[in-house]
Amino acid sequence: MKIAVMPGDGIGPEVVAQAVKVLRVVAPHAETEEAAIGEAGIQAHGVPLPQPTLELARKADAILFGSVGVADEADIPRERRPGTGLLQLREALTLYANFRPAYMFPELIGASTLRPEVVDGLDIVIVRELNGDVYFGQPRGFETNEAGERVGFNTMRYSESEVERVARAAFEAARRRRGKLCSVDKANVLEASQLWREVVTRVGRDYKDVELSHLFVDAASMMLMRRPKQFDVIVTGNIFGDILSDAAAMLTGSIGMLPSASLGYNRKGLYEPVHGSAPDIAGKDIANPLAAILSLAMMLRESFEMEAAASRVEKSVRAVLAAGYRTADIQQEGTQCIGTRDMGDAVVEALRKQAA
Ligand code: IPM
Ligand code: MG
């Protein structure tokens with residue numbers, strides 16, 4: 001087990017450190033090696049995805065990722081933007097299917113901003129395409145129009161094969177769950193989405209046991225707030241998936257709870273919390289490490305086929321929540337607020353108890 005550890009920026013290093021603590025207990029034989037990415041990559045080597053980091057990613061079996069980003073990132077030129085490091089890594093390793101589960105821990109129902117009956121029992125997965133769309137489409141850039149005004153432009157593009165591979169990943173996931181897949185697009189306006197819908201429908205003929213539906217992204221975002229439990233698996237493009245997965249995460253009370261897996265053609269995956277680098281709370285020992293710890297559980301399951309270890313980690317997280325421990329983002333009346341490190345220790349403790 002060779003695991004590349006990429007803590008990144010902001011709260012990334014703090015939360016990843018907790019996940020590594022948990023790893024040492026569930027897989028003591030795992031080898032880890034750290035590499036810099038994002039702003040940390042720029043500080044160390046001048047670019048957001050340094051060469052040694054990419055090499056490590058190529059030879060590792062899996063990547064445990066924290067988060068990248070600094071405040072006011074939009075003002076920085078693209079090639080020096082921390083987030084660019086993550087995008088380049090997803091592209092270089094062809095990690096095209098991003099699984100973002102939004103699962104309601106019963107202990108946290110009160111932490112959601114939605115009414116309990118709306119989110120009680122929520123268990124959905126967003127499968128976000130990760131290698132195409134306006135994120136990577138060419139042409140892109142800035143130009144000057146006839147009026148002498150600056151214009152910024154991007155291109156939304158999807159090829160049939162790009163849609164097909166992520167659609168298959170999503171149908172497979174739906175098959176292992178409740179057998180429902182909703183494809184989200186904007187086919188009433190965009191050609192890229194029209195093609196998306198055609199291809200998903202065609203692939204669906206190979207998955208007759210999965211109930212396929214389609215929604216436009218605006219309606220889907222409304223339905224996510226109104227009746228989120230109607231969904232099982234959602235498959236969507238890169239930009240819609242970016243937006244919808246943050247919204248879905250918040251249904252569960254805190255984006256600090258949500259893990260993700262980015263997968264490609266083999267078992268190698270990149271595992272990261274859905275949350276960002278949160279520079280405003282970095283270094284304060286208040287960030288929630290549970291998304292990072294749950295990302296580790298996804299890694300054990302998907303990259304190493306260690307189902308038993310994965311569910312032990314998830315059970316330990318449940319146990320810690322049931323015991324009333326909370327980080328600030330999920331604090332409720334009658335619970336005990338603890339810091340990042342203590343939360344990591346609490347999960348480790350719960351793991352040890354399970355083993356005993
Ligand atoms: C995410 C993030 C990234 C994205 C950023 C950091 C480039 O928002 O993983 O959702 O837009 O994909
Ligand atoms: Mg995002």
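Hydrogens, waters and symmetry mates play no part in the numbers below; they use all other heavy atoms, side chains included. Throughout, residue positions are numbered sequentially from 1 according to the sequence presented.
Between V15 and N288 there is no side-chain heavy-atom pair separated by less than 4.5 Å. Residues R318 and E107 form a side-chain contact, since some pair of their non-hydrogen atoms from C-beta on lies under 4.5 Å apart. With a 4.5 Å cut-off on side-chain heavy atoms, L190 and M156 count as touching. Between T201 and E198, the closest side-chain pair of non-hydrogen atoms is not below 4.5 Å. With contacts defined as side-chain heavy-atom distances shorter than 4.5 Å, the pair T32/L23 qualifies. With contacts defined as side-chain heavy-atom distances shorter than 4.5 Å, the pair I286/C337 does not qualify. Contact of the P7 side chain with the E34 side chain is registered, since non-hydrogen atoms from C-beta on lie closer than 4.5 Å.
In this structure, the side chain of T155 does not engage the main chain of R140 through any donor-acceptor pair within 3.5 Å. Checking side-chain atoms of S262 against main-chain N and O of L95 turns up no donor-acceptor pair under 3.5 Å. Without hydrogens or angle criteria, D72 side chain to D75 main chain gives no donor-acceptor distance under 3.5 Å. Side-chain atoms of N98 never come within 3.5 Å of backbone atoms of V127 as a donor-acceptor pair (strictly under, hydrogens ignored). Side-chain atoms of K284 come within 3.5 Å of backbone atoms of D280 as a donor-acceptor pair (strictly under, hydrogens ignored). Counting only distance, with no hydrogens or angles, the side chain of E191 and the backbone of S193 share no donor-acceptor pair below 3.5 Å. In this structure a side-chain-to-backbone donor-acceptor pair under 3.5 Å is present from R267 to E302. In this structure, the side chain of T84 engages the main chain of R78 through a donor-acceptor pair within 3.5 Å.
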Would you list the atom pairs, donor with acceptor, under 3.5 Å between side chains in residues 60-71 and any protein atom, with sequence neighbours excluded?
{"unit_1": "D61", "atom_1": "OD2", "unit_2": "K2", "atom_2": "N", "d": "2.8"}
{"unit_1": "S67", "atom_1": "OG", "unit_2": "D9", "atom_2": "O", "d": "3.3"}
{"unit_1": "S67", "atom_1": "OG", "unit_2": "G12", "atom_2": "N", "d": "3.4"}

Tell me which donor-acceptor pairs under 3.5 Å the side chains of residues 179-188 have, and how far apart each pair is, sequence neighbours excluded?
{"unit_1": "K180", "atom_1": "NZ", "unit_2": "Q230", "atom_2": "O", "d": "2.7"}
{"unit_1": "S183", "atom_1": "OG", "unit_2": "W196", "atom_2": "NE1", "d": "2.9"}
{"unit_1": "D185", "atom_1": "OD1", "unit_2": "A187", "atom_2": "N", "d": "3.0"}
{"unit_1": "D185", "atom_1": "OD1", "unit_2": "R197", "atom_2": "NH2", "d": "3.0"}
{"unit_1": "D185", "atom_1": "OD2", "unit_2": "R197", "atom_2": "NE", "d": "2.9"}
{"unit_1": "K186", "atom_1": "NZ", "unit_2": "D218", "atom_2": "OD2", "d": "3.1"}

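A salt bridge between D120 and K229 is absent, with no side-chain N of the basic residue lying under 4.0 Å from a carboxylate O of the acidic one. Ion pairing between E160 and R202 holds under the 4.0 Å rule for side-chain N and carboxylate O. With respect to the salt-bridge test (charged N to carboxylate O, under 4.0 angstrom), the residues R157 and D133 do not qualify.
Rounded to the nearest 0.5 angstrom, L296 CG and I3 CD1 are separated by 7.0 Å. One distance of note links CG of D285 with CZ of R341; it measures 4.0 Å at 0.5 Å rounding. Going from atom CD1 of I126 over to atom CD1 of I243 covers 11.0 Å, rounded to the nearest 0.5 Å. Of the inter-residue distances, the one linking I293 atom CD1 with M257 atom CE reads 9.5 Å to the nearest 0.5 angstrom. The CZ atom of F171 sits 10.5 Å away from atom CD of E164, with the distance rounded to the nearest 0.5 Å. Interatomic distance, CG of L87 versus CG of L49, reported as 10.5 Å (0.5 Å rounding).
With sequence neighbours excluded, the residues that form a salt bridge (Lys or Arg N to Asp or Glu O under 4.0 Å) with E314 are R301. By the salt bridge (Lys or Arg N to Asp or Glu O under 4.0 Å) test, R177 is found to be paired with D123, D232, residues two or more places apart in sequence or in another chain being considered. With sequence neighbours left out, D246 forms a salt bridge (Lys or Arg N to Asp or Glu O under 4.0 Å) with no residue at all.
Side-chain contact annotation: R128 with N238, donor-acceptor N/O pair under 3.5 Å present. Side chains of R326 and T335: no donor on one and acceptor on the other come within 3.5 Å. A donor-acceptor contact under 3.5 angstrom links the side chains of S303 and Y271, judged on distance only. Neither side chain, E14 nor Q18, offers a donor N or O lying under 3.5 Å from an acceptor on the other. Side-chain atoms of H45 and T53 include no donor-acceptor pair closer than 3.5 Å. With 3.5 Å as the limit, one finds a donor-acceptor pair spanning the side chains of S159 and E162. A donor and an acceptor atom, one from each side chain of S316 and Q354, are located under 3.5 Å apart.
Hydrophobic clustering, defined by side-chain heavy atoms of Ile, Leu, Val, Met, Phe, Trp and Tyr closer than 4.5 Å, leaves L130 isolated from every other such residue.
Note on V166: it clusters hydrophobically with I234, by side-chain heavy-atom contacts below 4.5 Å among ILVMFWY residues. Transitive grouping of hydrophobic side chains (ILVMFWY, heavy atoms separated by less than 4.5 Å) keeps F216 and V200 in distinct clusters. Note: the hydrophobic cluster containing L93 does not contain F99 (ILVMFWY, side chain heavy atoms under 4.5 Å, direct or indirect links). L270 and V125 are members of different hydrophobic clusters when ILVMFWY side chains are connected at heavy-atom separations under 4.5 Å. The cluster map of Ile, Leu, Val, Met, Phe, Trp and Tyr, joined by side-chain heavy atoms under 4.5 Å apart, puts L89 and V5 in different clusters.
The 12-atom threshold is not exceeded at CZ of F142, counting heavy atoms of other residues, nucleotides or ligands nearer than 6.0 Å. By the 6.0 Å contact criterion, CZ on R80 is open, its count of non-hydrogen atoms from other residues, nucleotides or ligands being 12 or less. For E349, the CD atom is loosely surrounded, since the number of other residues' heavy atoms within 6.0 Å does not exceed 12.
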| message | Evaluate E91 against Y135 for side-chain hydrogen bond (donor to acceptor under 3.5 Å, both in side chains), listing each step before the verdict. | response | CA-CA 10 Å; E91 190 184 30; Y135 270 68; over 6 Å; no

| query | How far apart are the C-alpha atoms of R90 and E272, what are their side-chain angles, what is the distance that settles it, and do they pass the salt bridge (Lys or Arg N to Asp or Glu O under 4.0 Å) test? | reply | CA-CA 12 Å; R90 289 170 177 169; E272 58 166 328; 3.1 Å; yes

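Checked against the 6.0 Å centroid criterion, the rings of Y96 and Y265 qualify as a close aromatic pair.
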